[in-house]
Each structure stands twice: as C-alpha cells, then as structure tokens.
Q: 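Handing you this structure, nothing more for now.
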Amino acid sequence: MSDKMIQVKVFRFDPSADKEPRYQTYQVPLEKGMSAMTALDYIYQHLDGTLSYYDHAACDLGICARCTGVINGKPGLCARRSSRGCYPWSPPPRIGF
C-alpha cells in the first residue's frame, strides 16, 4: 500500500438523514494505475460501507458505461478515469434523488 494519500470528495445524500446533498471527503492511498472506481471500492471496503455506487465484476473495461459519473466537473467512466489527486465525484446530473 502506498504512503501517498489522496483526498476523494464523494457526493452523498440520504433523504432520511440529510436535509441537503453534501460532499464527504475521504483519505485514500494512491496506487499506481488506480482508477476512480478503485478509489470508490477502497472507500466502500475500508472506510464507509454505506457508500452506494455501481460496481460490477467486469468493471475496468469501460464497456457498459454504468459507472458514469462526474469527476472533477467532467462526465466520465469511473472505471476508466485515473486517480491522480483530490477530486470530487458525483453521479451524472440526470439521475434524480
């Protein structure tokens, strides 16, 4: 595991607990070749099991586009977008809550 950490800001909203959507920041170890999906996987597996996102056994192929999100203000596939530092992640704007 890397000594270098990155900050990942993840869009969160639970209508039963939150009045407004918010971003939550997590510290994630930066690994060579790490994708945004890998960062979300790390958060879910090690830091916050309540995180909700689309993950699939065949991810990292960029074929189905179910992992589409907004990363650093630009739409992209979480499985294909590399993680290089602090970035905000949120679902695409067309998804309602």
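If you're wondering where the values come from, they're calculated on a predicted model, not measured in any experiment.
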Q: Quick check: closest heavy atoms across P21 and F11, and the distance to 0.1 Å?
A: CB-CZ, 3.3 Å

Q: Please round to the nearest 0.5 Å and tell me the distance separating atom OG1 of T25 and atom CD1 of I43.
A: 9.5 Å

Q: Enter the distance from Y26:OH to L51:CG here, rounded to the nearest 0.5 Å.
A: 5.5 Å

Q: Roughly how far, to the nearest 0.5 Å, is the CG atom of D41 from the NE2 atom of H46?
A: 9.0 Å

Q: With the threshold set at 4.0 Å, does a side-chain nitrogen-carboxylate oxygen contact exist between D48 and R12?
A: yes

Q: Could you give the distance from OG1 (T50) to CG (D14), rounded to the nearest 0.5 Å?
A: 8.0 Å

Q: Kindly determine whether M34 and V28 satisfy side-chain contact (heavy atoms from CB on, under 4.5 Å), including the steps that lead there.
A: CA-CA 11 Å; M34 180 180 202; V28 175; 3.3 Å; yes

Q: Looking at V8 and A39, what are the two nearest heavy atoms and their distance?
A: CG2-CB, 4.2 Å

Q: To the closest 0.5 Å, what do you measure between NZ (K9) and CD (Q24)?
A: 12.5 Å

Q: Quick one: CD on E31 to OH on Y42, what's the gap to the nearest 0.5 Å?
A: 9.0 Å

